[in-house]
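These figures come from a predicted structure and were not determined experimentally.
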Amino acid sequence: MIPVLVALAALSLTPPAPARPSPRAKPAAKVATAKAKAKAPPAPPPVELVPSAEVTRVADWVAGSDDHGALPYAIVDKAGAALFLFDGKGKPLGSVPVLIGIAPGDEATPGIGSKNLAEIGPAEKTTPAGRFLAKFGVAAGKQKVLWVDYATSVALHPIPPGANKKEQRRERMLSPSPEDNRITFGCINVPVAFYGKRIRPTFQRKGGYVYILPDSKPIEDVFPPLHAWTVRNAAVAS
């Protein structure tokens, strides 16, 4: 009788075997990740940027006449809300959609560079057209930006982290239409990845030129040497 009791006691002290998980069961983290992916909206299609006739004309003139003095340069097409980047030899380095000033216009309001943002009216939020020697410098909040025109506070930089979410700047930048890309106070916003991988390393050493195409002015009025170069090339070709 005693051996049976001892055997029962030993059996009661033996821990039960651990339950095996069902081969179909998935870890909770993976299930949550799968659900999140299922609910996530599809990635927007890439925006196809085709240079306009005006962009091509300016690019040919800059490279053909050495107007950039062997410095890198960017051409900003306000009508197409796009930027086209080139190195000092005229080689294309890429293109991206941009955000520009809310108000159409090719001139900066006199004295706007000395105004606070709150003092700038809607009609003054323009991205001026022209040829600018751009260099890196410090802006408000000790943020380093590529100053296109320091006197009028026009800079080229990514979307500010503190931008109002209601403005939907990132969504505007990714949209296929350029019509909703006018949202800034006049600065030119570019994608953060392009800024870090292309703009910064290309311009950080000596700076470069930024050519901003006009909204309404004749392009020859904004870039006077363009007309003479075109006429000269036409005469040579004939």
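Gln168 is linked by a side chain to side chain contact (heavy atoms under 4.5 Å, CB included) to Glu171, counting only residues two or more places apart in sequence or in another chain. Partners of Ile102 according to the side chain to side chain contact (heavy atoms under 4.5 Å, CB included) rule, which considers only residues two or more places apart in sequence or in another chain, are Lys125. Under the side-chain hydrogen bond (donor to acceptor under 3.5 Å, both in side chains) criterion, Asp215 pairs with Lys78, Arg182, sequence neighbours left out. Partners of Val222 under the side chain to side chain contact (heavy atoms under 4.5 Å, CB included) rule, at least two apart in sequence or in another chain, are Ala129, Pro214, Lys217. Applying the side chain to side chain contact (heavy atoms under 4.5 Å, CB included) criterion to Ala59, with sequence neighbours excluded, gives Ile75, Phe86. Considering only residues two or more places apart in sequence or on other chains, His68 meets the ring pair (Phe, Tyr, Trp, His ring centres under 6.0 Å) condition with Tyr73.
Between the side chain of Asp77 and the main chain of Ala81, no donor-acceptor pair closer than 3.5 Å is present. Judged purely by atom type and a 3.5 angstrom limit, Asp60 has no side-chain atom pairing as donor or acceptor with the backbone of Gly64. A distance-only check finds no donor-acceptor pair linking the side chain of Thr184 to the backbone of Leu99 [under 3.5 Å].
The aromatic ring centroids of Trp229 and Phe223 lie 6.0 Å or more from each other. Aromatic ring centroids of Trp147 and Phe136 lie 6.0 Å or more apart.
A donor atom on one side chain and an acceptor atom on the other are found under 3.5 Å apart for Asp180 and Ser175.
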* Test log, rule side chain to side chain donor-acceptor pair (under 3.5 Å), inputs Thr230 and Asn233 -> CA-CA 5 Å; Thr230 303; Asn233 273 17; over 6 Å; no
